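We're numbering straight along the sequence, starting at 1. Remember, predicted model here, so these are calculated numbers, not experimental data.
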Amino acid sequence: MLSGPKFVLGVVVTALVGFGVPKLAGYLENEAADPVQVHAEFDRDAILDGSVASRGVTPVGVNSPQSLKAFSTNYQESGDLVKVGVQGFKVVIGSVGDSDLTITDMRAVVVKRTPVLAGSLFFITAQGEKNIQLAFELSSPNPVAREVSQRGPKPTDLGIGDAYFESDHVTVGPHHNKVFQLVAYPGRQTYEYKFRVKMVYNGKTLIRTIPAGDRTYRLSGYSRDYATGYQWNGKPGLAGWSPIDVPRYCASKDALCGHASSQ
């Protein structure tokens, strides 16, 4: 269950000037005869957190290290920095044929697990409205798509509920599409993973993976042992990184780190 300070979700707002348009998270190339098209991209509208972590340590007092330069231009796909705590996606599934397409299952497939990254934490949060349809717990032995429900007055009072496709199938009409907003949560490891979607078209079962091929997404749980940490200030005239006392910061009621993983 997600509740209280354990999970903070939402959008990295436009105050993060210079961070660019999110890169495509994955696109499934389809042959002309394929009745299904799937498009995916990282979705800042699904989460309130843009935090990342590095395995290497960025020393406090270094204002523009190479890792920060890489972060500012392409932080979602940098080989040096990995999204931490929560990761959001927008996935569009379309039927390009003349028949209905029925989506019967959606789940995360964990390809590899490694220890959490504990070098430096780069902490970004913003205020906004969450917009989550389906959640995936990567630490679960069966990380299927689950419902997300509001269980209290605060935006962070969220709960992960029943498996969504156990009771509901989603039908996409001919030449139409359906948009899903997905959010993945880590346990106390770093995960390389992808999504697998099971569909039925004209009585035939189709399987698609996101991203396609051998590519995977990466998401790390929070560590309690970061060597250094920085917080992003996106206010006009003040935009930049400020060093933070990580143990003290993580212990505060408004911080995520050390609390955002369920296992």
Which atom of [X] lies closest to which atom of [Y], heavy atoms considered:
X: L138; Y: P186; answer: CB-CA, 4.4 Å
X: G85; Y: Y222; answer: CA-CE1, 3.2 Å
X: V179; Y: Q133; answer: O-OE1, 3.3 Å
X: G221; Y: V84; answer: O-CG2, 3.5 Å
X: N202; Y: S99; answer: OD1-OG, 2.9 Å
X: V110; Y: Y193; answer: CA-CB, 4.0 Å

- Step-by-step side chain to side chain contact (heavy atoms under 4.5 Å, CB included) determination, V183 to V86: CA-CA 7 Å; V183 173; V86 61; 3.2 Å; yes

Check whether the side chains of [X] and [Y] place a donor and an acceptor atom closer than 3.5 Å, and report yes or no.
X: D98; Y: H175; answer: yes
X: Q87; Y: Y191; answer: no
X: D100; Y: T171; answer: no

Backbone N/O of [Y] and side chain of [X]: donor-acceptor pair under 3.5 Å:
X: T190; Y: P115; result: yes
X: K194; Y: A212; result: no
X: D34; Y: V36; result: yes

- Apply the test side chain to side chain contact (heavy atoms under 4.5 Å, CB included) to residues S95 and Y201: give CA-CA distance (whole Å), side-chain angles for both, the deciding distance (0.1 Å), then the verdict. CA-CA 9 Å; S95 171; Y201 182 85; 3.8 Å; yes

Which distance, rounded to the nearest 0.5 Å, do you find between the [atom1] of [X] and the [atom2] of [Y]?
X: R196; Y: I207; atom1: CZ; atom2: CD1; answer: 5.5 Å
X: S220; Y: E192; atom1: OG; atom2: CD; answer: 11.5 Å
X: S139; Y: R188; atom1: OG; atom2: CZ; answer: 10.0 Å
X: F122; Y: I244; atom1: CZ; atom2: CD1; answer: 10.0 Å
X: S140; Y: Y185; atom1: OG; atom2: OH; answer: 14.5 Å
X: R107; Y: R146; atom1: CZ; atom2: CZ; answer: 9.5 Å

Same cluster or not: are [X] and [Y] linked, directly or through other Ile, Leu, Val, Met, Phe, Trp or Tyr residues, by side-chain heavy atoms under 4.5 angstrom apart?
X: F136; Y: L219; result: yes
X: V170; Y: V197; result: yes
X: I93; Y: F42; result: yes
X: V52; Y: V116; result: no
X: V172; Y: I210; result: yes

- Is the count of non-hydrogen atoms from other residues, nucleotides or ligands lying under 6.0 Å from H169 atom NE2 greater than 12? yes

- Message: Is it the case that atom CG in D214 sees more than 12 heavy atoms from other parts of the structure closer than 6.0 Å?
- Response: no

- Task: Check step by step if side chain to side chain contact (heavy atoms under 4.5 Å, CB included) holds for L134 and M106.
- Result: CA-CA 9 Å; L134 301 173; M106 191 181 300; 4.2 Å; yes

- Query: So F180 and F165, would you call those rings parallel, tilted or perpendicular, with 30° and 60° as cut-offs?
  - Reply: tilted

- Query: Relative to the ring of F195, is the ring of F89 parallel (under 30°), tilted (30 to 60°) or perpendicular (over 60°)?
  - Reply: perpendicular

- Message: I'd like to check V82 versus R55 (side-chain heavy atoms, cut-off strictly below 4.5 Å). Are they in contact?
- Response: no

- When T102, T104, L206, I103 are each screened for side-chain contact (heavy atoms from CB on, under 4.5 Å) with K198, the one that passes is T104

